[in-house]
Structures are given as structure tokens and as C-alpha cells.
Amino acid sequence: MQIHPQKEDLIAYLIIILLSINALSSVMLVPFHPDESTYLYMSTDLDTFLSDPFSLQWNPNQEEDPHQKSRELDAPLIKYLLGISRKFAGMTPLKTDWDWSKSWEENKNAGALPSNDILHSGRFGVSLLFPLTLLSLYHLVKHLTNSWGGIISIIFLGTNALILLHTRRAMAEGALVFGITLSLFSLLKADKYPWLTGIAIAFAFNAKQTSIALLPAGLLAVCWIADNSLKTRIILRNAMIYVVTFLVVTFLLNPLIWRNPLRATLASIKARQELVNHQVEDTSKIAPQKALETPTQKIAALIAQAFIAPPSFSEIGNYLQNTSAAEQKYISVWNNTLWRGFFVGGFVFIFSLLGLIFSFSLNNQQKKERKREIILLVIATLFQAGGLITALPLPWQRYYMPLFPFIALWFSIGIYESIKIIENNSLKFQ
């Protein structure tokens with residue numbers, strides 16, 4: 001089958017290429033975050049997975065082992081991606097994990113500060129997901145509007161300051177944003193391809209656990225059959241395919257749970273909760289105003305971090321004196337700070353809300369299948385935002401990164417539909 005892309009598609013693909021070149025060519029300008037050392041250090045899990053995967057299983061007698069503790073805390077996918085990029089680059093793994101109780105110099109002397117070559121290999125590997133994210137977003141929004149709506153979305157996401165900062169580090173956010181964008185695209189045809197939705201949401205979850213909020217949205221999508229004439233057995237089959245696909249992918253990527261899935265999962269949940277408790281306790285001592293205790297505070301933090309606050313290079317200020325020069329150099333580049341601030345961020349917030357509002361009016365105008373798609377995307381948005389509001393006790397910016405595919409979706413629809421309204425009204429007065 002021959003594919004004849006429209007002129008607008010070619011324009012979109014050219015924009016994706018240019019945005020990707022900009023992102024990939026300047027990954028080393030991004031200020032270093034110590035968590036990059038941890039992920040690069042733990043990328044040896046790929047080597048172990050290929051040589052002796054059963055040694056990665058959870059062991060109740062190794063609860064104090066830092067490697068097992070890291071596997072309990074962090075989703076595995078990014079470690080494998082970093083391991084693959086390191087192997088392609090011919091780099092040796094980082095020998096020492098970062099110790100937050102030590103000074104910058106002490107960590108550097110211990111070998112925990114990665115060389116530029118190791119850091120570049122990791123960042124470049126993660127950033128290769130950037131064009132795939134834009135491509136998925138373009139086709140998602142194009143399907144709901146047209147090619148120009150899709151182009152608005154990729155320009156917004158591909159130049160967004162927080163996307164350029166947080167998804168180009170050797171950390172989980174780049175894979176997370178790609179996984180969520182792919183998941184949203186997969187919802188459109190989830191009733192026909194439940195296995196694809198299962199894979200996409202498993203990818204997002206195994207990049208970072210906060211995307212678990214999409215799991216029920218995916219289940220609803222595969223069970224909501226556009227053709228109502230289909231029987232209940234098709235719904236049950238779709239649900240089974242979706243759940244089994246998600247579980248199989250997650251199980252294969254997590255040798256930690258192979259021996260004892262229940263106990264290993266409970267240990268992971270406990271480890272995550274203990275980490276959060278320590279973070280809240282430490283933050284409350286240093287800056288008690290940052291602890292989020294009420295739903296109002298959590299909603300306000302979400303709006304501030306998703307739309308208004310400038311790029312945040314760190315969560316705590318342990319090493320500001322060591323990173324401030326790199327941070328100033330980074331923000332001196334004009335296109336690294338786009339779409340932030342009270343006025344511009346407020347503009348994005350308003351048009352994102354308009355996009356959601358317009359989606360309800362579109363729902364009344366469109367055919368049954370389009371109604372299904374829009375309702376599913378709205379539900380997925382509410383689930384993900386609600387999950388973050390419920391789960392996040394601290395306003396740390398990179399924890400809100402799961403929202404950005406949703407913001408790009410609704411913002412572009414808001415702009416696109418507003419332009420259509422203006423054009424239609426101007427034609428009436430001619």
C-alpha cells in the first residue's frame with residue numbers, strides 16, 4: 001500500500017525534524033541533576049538482565065541492599081534504555097551511585113559524577129524518544145482536528161521549557177512523556193487493538209509509576225466498543241487481552257517480582273511510601289510552606305507547576321553553588337524558557353480549559369465514534385490529574401510532567417477551535 005502524505009503532513013514532519021535537531025544537539029546544555037548519576041549507575045541492570053536475570057529477583061534477606069532498594073523505588077524501563085544507549089556508545093557504566101549526604105566534591109572524588117561522555121550517551125538515548133513523542137502527538141491531534149491543529153500541538157510541546165529541561169536528562173521523564181502520549185493515541189482505537197493500548201500504558205507505567213492512573217482509562221477504552229451490535233463476549237475478550245498484555249509486559253520488565261510478585265510489590269509500595277514520608281519530613285523542616293496538605297493547595301500547586309512556574313532545576317538546594325553557573329547559562333538561551341510565566345502560562349491555561357470546553361461542544365456535534373474518543377480523552381485527563389493531586393505531597397515540578405501531553409492536546413484544540421470560530425464569524429460579516 002502506497003502512502004501519499006499531504007502537504008501539511010510534510011510540513012509537520014519537517015517541523016518535528018527541526019525541533020528534534022534542536023533538542024538533540026543541545027542535550028549537554030541541560031544542567032546536571034544528581035539523580036542522573038543514580039539512573040546511570042543502575043543501568044547495569046540491563047547487563048544483569050541479559051546475563052543472569054534471576055539474580056534481580058526480590059530477596060527478603062537483601063532489604064538493605066542499595067541495588068534492590070533502587071529496584072523497589074524506581075520503574076525499570078529507563079535503566080534498560082540507558083543501558084542500551086551506553087552499550088551503543090561503548091561506554092563503561094558509572095561505578096558509584098550519588099550520595100545525597102555528601103558534598104559535590106566528595107561525590108566527584110568517589111566517582112559518582114559522570115563524565116561528559118557517559119552523561120551524553122544517556123541523555124542522547126533518552127532524547128531519541130523526543131521525535132517519537134512529537135509524531136504520536138501530531139497524529140493524535142490531527143485525528144481530532146486536522147493537520148494544522150496537529151502542527152500547533154507539536155510546536156507547543158517541542159518548544160516548551162519544561163519538556164526541553166526534564167525530558168532531556170538521563171532520567172525517567174523522557175520515556176514517561178512518550179509513553180503517555182502513545183497511550184493517548186492508542187485510546188482512539190483501543191476497542192479494535194486492545195493489545196496496543198496494553199503495551200502503551202505498560203510502557204508509560206514502567207517508565208514511571210505515576211502513570212498508573214491511565215490504567216482504568218485504558219480498560220474503559222477497550223471495553224467501550226464503537227459498534228454497539230457487538231456482543232458481550234467481545235468486550236470480555238478485549239478486557240482480557242488488555243489486562244494480560246499490560247501484566248505480561250510489566251512482569252517481563254520487572255524481574256524483581258518474578259519469584260514472589262505479591263511480596264515484592266508490597267515491598268516496593270512500602271519503599272515508595274517511606275521515601276515520600278522522608279521527603280515530606282525533610283521539606284517540612286526546611287520549607288514548611290511547600291508541604292501540600294489540602295486539596296486546594298494541591299490543585300494550586302498543579303496549576304502553578306504545570307503552567308506558570310519557571311523551569312526548576314532541582315527539588316532541594318543541596319548543590320546550588322555547584323550548578324548555578326550551568327543553570328544561568330541554560331536560561332540565557334531564549335528558547336529554553338518558552339511558554340512559562342504568569343501571562344504566557346495563563347494564556348496556555350485558559351486555552352487548555354477552552355480546549356476541554358470545546359471538546360464537550362464537539363461531543364454534541366460529532367458522530368458516535370468521535371464522541372467516544374473525546375470522552376475517553378477527557379476521562380484520561382481527569383484520571384491523570386486526579387491521580388497527581390491525590391498522590392503528590394510536594395510541589396516538585398518534574399513530578400507533574402505526566403500532564404504535558406494532555407496540556408498539549410487541549411491547548412492545541414483550544415487554539416484551533418478559537419481560530420475556526422473567528423474565521424466563521426468573519427465570514428458572516430462579509
Side-chain angles (χ1 to χ4, degrees), residues 38-39 42-63 65-84 87 126 129 171-184 186-187 190 193-223 236-273 275 380 383-384 387 391 402:
T38 296
Y39 283 112
M42 290 301 298
S43 72
T44 55
D45 274 6
L46 174 72
D47 306 88
T48 309
F49 186 88
L50 296 175
S51 60
D52 185 16
F54 294 102
S55 66
L56 298 173
Q57 295 176 126
W58 182 77
N59 188 332
N61 299 320
Q62 295 179 355
E63 274 294 84
D65 176 44
H67 292 83
Q68 178 164 297
K69 186 63 67 177
S70 178
R71 294 179 195 119
E72 292 173 352
L73 290 171
D74 298 319
L77 189 59
I78 187 60
K79 293 178 283 188
Y80 300 150
L81 292 176
L82 292 176
I84 291 170
K87 282 182 172 295
V126 173
L129 295 173
M171 294 164 65
E173 282 67 32
L176 172 67
V177 170
F178 167 65
I180 290 178
T181 309
L182 184 63
S183 296
L184 294 181
S186 76
L187 293 182
Y193 308 105
W195 58 268
L196 177 60
T197 305
I199 290 174
I201 294 181
F203 187 101
F205 173 72
N206 285 283
K208 201 161 189 177
Q209 296 96 328
T210 48
S211 59
I212 190 63
L214 291 180
L215 191 61
L219 182 60
L220 176 60
V222 301
C223 292
L236 295 175
R237 185 201 67 181
N238 278 5
M240 183 176 296
I241 292 173
Y242 168 71
V243 172
V244 169
T245 302
F246 176 85
L247 292 177
V248 167
V249 173
T250 300
F251 186 80
L252 291 176
L253 290 174
N254 286 271
L256 181 75
I257 65 174
W258 287 0
R259 178 183 297 159
N260 196 321
L262 179 59
R263 292 186 65 188
T265 300
L266 292 175
S268 295
I269 294 172
K270 180 183 176 183
R272 292 293 307 175
Q273 190 57 53
L275 175 64
F383 279 7
Q384 185 62 77

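Throughout, residue positions are numbered sequentially from 1 according to the sequence presented.
- Residue pairs meeting the side-chain hydrogen bond (donor to acceptor under 3.5 Å, both in side chains) criterion with at least one member in residues 258-270: none, sequence neighbours excluded.
- Listed here is the closest heavy atom pair of A190 and A221: CB-CB, 3.5 Å.
- Although no hydrogens or angles enter the test, the distance criterion places a donor-acceptor pair under 3.5 Å between the side chain of S211 and the main chain of A204.
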- Criterion side-chain contact (heavy atoms from CB on, under 4.5 Å) on Q384 and L214, from CA distance to verdict: CA-CA 6 Å; Q384 185 62 77; L214 291 180; 3.8 Å; yes
- Message: As a quick check of understanding, evaluate side-chain contact (heavy atoms from CB on, under 4.5 Å) for V222 and I241, giving each step before the final call.
- Response: CA-CA 9 Å; V222 301; I241 292 173; over 6 Å; no
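- Note that the CD1 atom of I212 and the CZ atom of F205 stand 4.5 Å from one another [nearest 0.5 Å].
- Between G218 and L187 the shortest heavy-atom distance is CA-CD2, 3.9 Å.
- To the nearest 0.5 Å, atoms CG (D65) and CH2 (W58) are separated by 13.0 Å.
- The stretch residues 237-253 participates, sequence neighbours left out, in these side-chain hydrogen bond (donor to acceptor under 3.5 Å, both in side chains) pairs: N206-T250.
- When all heavy atoms are compared, the tightest approach of L56 to P255 is CD1-CG, 3.5 Å.
- In terms of heavy-atom proximity, A264 sits nearest to L256 at CB-O, 3.6 Å.
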- Message: Determine whether L247 and V244 satisfy the following criterion, side-chain contact (heavy atoms from CB on, under 4.5 Å), listing intermediate values before the conclusion.
- Response: CA-CA 5 Å; L247 292 177; V244 169; 5.8 Å; no
Under 3.5 Å, which donor-acceptor pairs do the side chains of residues 172-179 form with other protein atoms, sequence neighbours left out?
residue	atom	partner	partner atom	Å
E173	OE2	K208	NZ	2.6

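- Annotation: the span from L82 atom CG to K79 atom NZ amounts to 10.5 Å, rounded to 0.5 Å.
- In this structure, R272 and D74 have side chains that are in contact, with non-hydrogen atoms separated by less than 4.5 Å.
- Using a distance-only test at 3.5 Å, with no hydrogens or angles considered, no donor-acceptor pair links the side chain of E72 to the main chain of L266.
- What you find for Q209 and L73 is that their closest heavy atoms are NE2-O, 3.1 Å.
- For the atom pair L182 CG and T197 OG1, the distance stands at 9.0 Å (nearest 0.5 Å).
- Taking CD from Q57 and CD1 from I257, the interatomic distance works out to 10.5 Å, rounded to the nearest 0.5 Å.
- More than 12 non-hydrogen atoms from other residues, nucleotides or ligands lie less than 6.0 angstrom from OH of Y80.
- Going from atom CZ of F251 over to atom CZ of F246 covers 13.5 Å, rounded to the nearest 0.5 Å.
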